[in-house]
Amino acid sequence: EGQVSMYACGPTVYDYAHIGNLRTYIFEDILKRVLLFSGFKVKHVMKVTDVGHLQSDADEGEDKMELGVLREGKTAWEIADFYSKAFFSDFNALNCLPPDVTCKATDHISEMIELVKTLETKGFTYKTEDGIYFDTAKFPSYDRLAGKSHIEGLRSGARVEFSAEKRNPSDFALWKFSPKDKKRQMEWPSPWGTGFPGWHIECSAMAMKYLGETFDIHCGGIDHIAVHHTNEIAQSECATGKPYVNYWVHAEFLTTKDSEKMAKSSGEFLTVSLLGEKGYSPLDYRYLCLGAHYKTQIVFSWEALAFAQKSLSNLRDIIGPHLEKHSPATDTKNIRAQLARFADAATDDLNMPKALSILWETARDKTLAPEDILAFVRETDRVFGLDLMVPRKKERAALPPETMALITEREQARKAKNFARSDELRNELKKHGVAVKDVPGGTEWTIDK
RNA sequence: GGCGCGGUGGCCAAGUGGAAAGGCGGAAGUCUGCAAAACUUCUAUUGCGUGGGUUCGAUUCCCACCCGCGCCUCCA
């Protein structure tokens, strides 16, 4: 009643997060903000996967974390720490509200072992050469989330060979043994032998520790439906005998135009800092994500990002002058109808494109007083998280003296009504990457990219 | 091979059984020496991939087809 418990699968910290990853966190942030806007209290838990996991059943030994070790010459622990910090730096820059609990897999190994022990006691597990596995055939509603046809298709149409020791293709490891011939940097003792936890058990153990055996919302990327979340349900419900999660909410992918897979394993990928190098702020990207519904794919392009940047900039141009002269109204009665429309859109499965359109309409509504517009922006930006109420710094970057001299000369030419000369100087300045415009009382300039 | 999603104006993107939000871009006007910025107005009306069907009426429901995309392996 009035309270929402929410769990989100967090990053796997062996490399930087790419903007596709981050779309999901922006979506989760919007979900959380809409819940808060609607008057709920929210307990938000996010996991950080700092244990390395194997590429597939067929792989042995090296996991992604260990590959990072080889790549960077650091310890696994250093790598996890470094990329974890990098992730939260991006996360904050995107204005995602910090989770109430952030938990690391490596801090919860004992909880995971306990959960596996429970499953073992109840007869859901079996042992193979390389680990302790969950027998999915013993959980009749295993295909509940992904759908029966999908799970059956997985078995018949998969392109990947399954480990011969597994009883069912969909069975998964709860605990993996370390390779016999070499020592892993991250490994722990367990009742079954030294090793490390299966990826899925991490989420179940931590989610239930912090949110209870049944909680409200579990979110993540759409790719997790078929395997990760399906397995979480199976192991959790078999362990507790209770429903695990009331609502599953999944975000669609962001892809690139040339259909290159947006994956860390593909080597080069788009990061927040790369966006920054090209002149785009994290909030430009946030705006881009808000422009499409979370359930639809976004095809990323630099052009699309440029459109988003332009739109956000225009929005600030509308709001900025009000901010300089007015304070937002404390009473929202004049914008009650608009706020209601906004709330309808936001709570209609997080329809941010529609919510944004209402923001635009309101910001441009001439019948509203600036104070009321600001009040509307203040209220709705609690959801958008675009820092619309933060005045923009006047960027008057210092120019080289010779460029300043050109500007002064042009002003003088204009005063003397020597327009041929002033136009010439305007072109000259353009070559220096400086755009000038004449405003009452002087010249303003901006640096073109 | 199996499963699924989508095709809406130049681009991006909402939405609905009863004649299609918003943004970007574009056009015109006001302003300006000219621009820029700002402001005003306009910018899908046998239409919402194609062909059928249901219906008084479909872009919205059903079927077929074409095209694009995603997942099926750790993946957000």
Side-chain angles (χ1 to χ4, degrees), chain A residues 8-12 14 17-28 49 52-59 63-65 67 146-162 169-170 199-200 219-228 250-255 257 259 261-266 287-288 290-293 295-299 301 303-315 317-318 321 341 345 348 351-361 363-364 366 414 417-420 422-423 426-427 435-440 443-446:
Chain A
C9 295
T12 305
Y14 64 92
H18 61 63
I19 60 173
N21 294 323
L22 294 165
R23 181 195 183 183
T24 300
Y25 301 107
I26 291 171
F27 142 72
E28 286 160 359
T49 300
H53 291 284
L54 299 176
Q55 309 275 350
S56 72
D57 283 351
D59 284 339
D63 62 42
K64 292 181 172 184
M65 197 67 77
L67 288 173
K148 193 180 168 97
S149 55
H150 179 89
I151 299 296
E152 282 174 357
L154 182 79
R155 292 169 195 192
S156 63
R159 291 173 313 193
V160 179
E161 287 188 28
F162 294 105
S170 51
W199 177 46
H200 314 298
C219 27
I222 194 166
D223 53 319
H224 283 330
I225 295 173
V227 178
H228 184 47
H250 295 99
E252 251 292 359
F253 270 26
L254 175 130
T255 60
K257 232 167 208 165
S259 72
K261 201 178 176 192
M262 179 66 73
K264 292 183 187 177
S265 51
S266 69
Y287 187 95
L288 172 70
L290 263 45
H293 189 92
K295 273 181 189 164
T296 64
Q297 276 177 25
I298 292 177
V299 180
S301 66
E303 192 187 21
L305 186 58
F307 289 158
Q309 181 180 53
K310 178 72 177 161
S311 299
L312 182 56
S313 170
N314 286 354
L315 196 51
D317 284 343
I318 296 172
R341 287 179 61 212
D348 180 13
N351 193 333
M352 286 303 112
K354 194 170 187 178
L356 272 180
S357 79
I358 296 163
L359 173 64
W360 276 97
E361 282 175 18
R364 287 183 158 163
K366 297 293 177 234
R414 286 194 69 236
K417 301 211 184 289
N418 184 354
F419 297 123
S422 78
D423 288 353
R426 180 161 58 201
N427 288 332
V436 289
K437 58 180 179 181
D438 302 314
V439 294
T443 305
E444 276 186 11
W445 70 85
T446 48

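Within every chain, numbering begins at 1; the chains are lettered A, B, ... in the order of the sequence lines, protein sequences first and strands thereafter.
- Using atom C1' as the reference point in both B/rC12 and B/rG25, the two lie 11 Å apart (nearest Å).
- When each of B/rA76, B/rA38, B/rA36 is scored by its nearest atom to the side-chain atoms of A/K437, the top-ranked nucleotide is B/rA36.
- To the nearest whole angstrom, the two C1' atoms, one in B/rG33 and one in B/rU41, are 26 Å apart.
- Take the nearest nucleotide of RNA chain B for A/K366 and for A/E252: the residue whose nucleotide is more 5' is A/K366.
- Counting non-hydrogen atoms under 4.0 angstrom, A/A292 reaches the backbone sugars and phosphates but no base.
- Note on A/H250: nothing from the nucleic acid sits closer than 4.0 angstrom, heavy atoms only.
- Taking atom CD1 on A/I298 and atom P on B/rA13, their separation rounds to 8 Å, with Å as the unit.
- Between the side chain of A/H293 and the backbone N or O of A/T296 there is no donor-acceptor pair closer than 3.5 Å.
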Exercise for the section: Under the side-chain contact (heavy atoms from CB on, under 4.5 Å) rule, what do A/W360 and A/I318 come out as? Steps first, then yes or no, please. Expected result: CA-CA 9 Å; A/W360 276 97; A/I318 296 172; 3.8 Å; yes

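- Distance noted for atom C1' between B/rA38 and B/rC31: 9 Å (whole Å).
- As rounded to whole Å, 18 Å separates atom P of B/rG22 from atom CG of A/D348.
- Summarising the geometry, atom CZ belonging to A/F419 is positioned 10.5 Å from atom CZ belonging to A/R426; distances are rounded to the nearest 0.5 Å.
- Look at CG on A/L312: it is 17 Å from C1' on B/rA13, rounded to the nearest Å.
- Rounded to whole Å, the C1' atom of B/rG10 lies 27 Å from the corresponding atom of B/rG51.
- In this structure, CD of A/E303 is placed 15 Å from P of B/rG10, rounded to the nearest angstrom.
- Within 4.0 Å (heavy atoms only), A/F27 reaches no atom of the nucleic acid at all.
- By the 5.5 angstrom centroid cut-off and the 30-degree plane limit, A/F253 is classified as stacked against the base of B/rA76.
- Applying the Watson-Crick and G-U wobble criteria (two distances, each under 3.5 Å), B/rC61 pairs with B/rG53.
- Residues forming a salt bridge (Lys or Arg N to Asp or Glu O under 4.0 Å) with A/K295 (at least two apart in sequence, or on another chain): A/D349.
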Check: protein-nucleotides 19-21 of chain B nitrogen or oxygen pairs below 3.5 Å:
| unit_1 | atom_1 | unit_2 | atom_2 | d |
| --- | --- | --- | --- | --- |
| B/rA21 | O2' | A/E361 | OE2 | 3.0 |
| B/rA21 | N3 | A/S357 | OG | 3.2 |

Exercise for the section: Apply side-chain contact (heavy atoms from CB on, under 4.5 Å) to A/L312 and A/L288, showing your working. Expected result: CA-CA 9 Å; A/L312 182 56; A/L288 172 70; over 6 Å; no

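- With B/rG23, B/rA76, B/rG15 as the choices, the nucleotide that has an atom nearest any side-chain atom of A/D223 turns out to be B/rA76.
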Fill in the blank from the handout: Protein heavy-atom contacts under 4.0 Å, written 5' to 3' over nucleotides 25-33 of chain B as B (base), S (sugar-phosphate only) or - (none), form the string S-------B

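- As a whole-Å value, the separation of A/R364 CZ from B/rC24 C1' is 11 Å.
- With sequence neighbours left out, A/D223 forms a salt bridge (Lys or Arg N to Asp or Glu O under 4.0 Å) with no residue at all.
- You'll find the side chain of A/L254 reaches within 4.5 Å of the side chain of A/I19, heavy atoms only.
- Scored by the salt bridge (Lys or Arg N to Asp or Glu O under 4.0 Å) test, A/R23 finds no partners at all (sequence neighbours excluded).
- Put simply, CH2 on A/W360 is 19 Å from P on B/rC12, counting in whole angstrom units.
- Atom C1' of B/rC24 sits at a distance of 31 Å from the matching atom of B/rG18, rounded to the whole Å.
- Computed from coordinates, the A/Q297 CD to B/rA76 C1' distance equals 13 Å when rounded to whole Å.
- Judged by Watson-Crick or G-U wobble contacts below 3.5 Å, the nucleotide B/rA27 has B/rU41 as its partner.
- With sequence neighbours excluded, the residues satisfying side-chain hydrogen bond (donor to acceptor under 3.5 Å, both in side chains) with A/H250 are A/H229.
- Base pairing of B/rG1 is made with B/rC72, judged by Watson-Crick or G-U wobble geometry with both donor-acceptor distances under 3.5 Å.
- Remark: the separation of the C1' atoms in B/rU8 and B/rC48 is 4 Å, to the nearest Å.
- On the C1' atoms, B/rG68 is 25 Å away from B/rG22, given to the nearest whole Å.
- Regarding A/K295, its NZ atom lies at a distance of 17 Å from the P atom of B/rA13, rounded to whole Å.
- A salt bridge links A/R414 with A/D438: the closest approach of a Lys/Arg side-chain nitrogen to an acidic carboxylate oxygen falls below 4.0 angstrom.
- Separating the P atom of B/rG53 from that of B/rG47 is a span of 15 Å, rounded to the nearest Å.
- Looking at which nucleotide of RNA chain B each of A/V436 and A/G291 is closest to, the 5′-most match is held by A/G291.
- Taking CD1 of A/I358 as the reference point, atom CZ of A/R341 lies at 4.5 Å (rounded to 0.5 Å).
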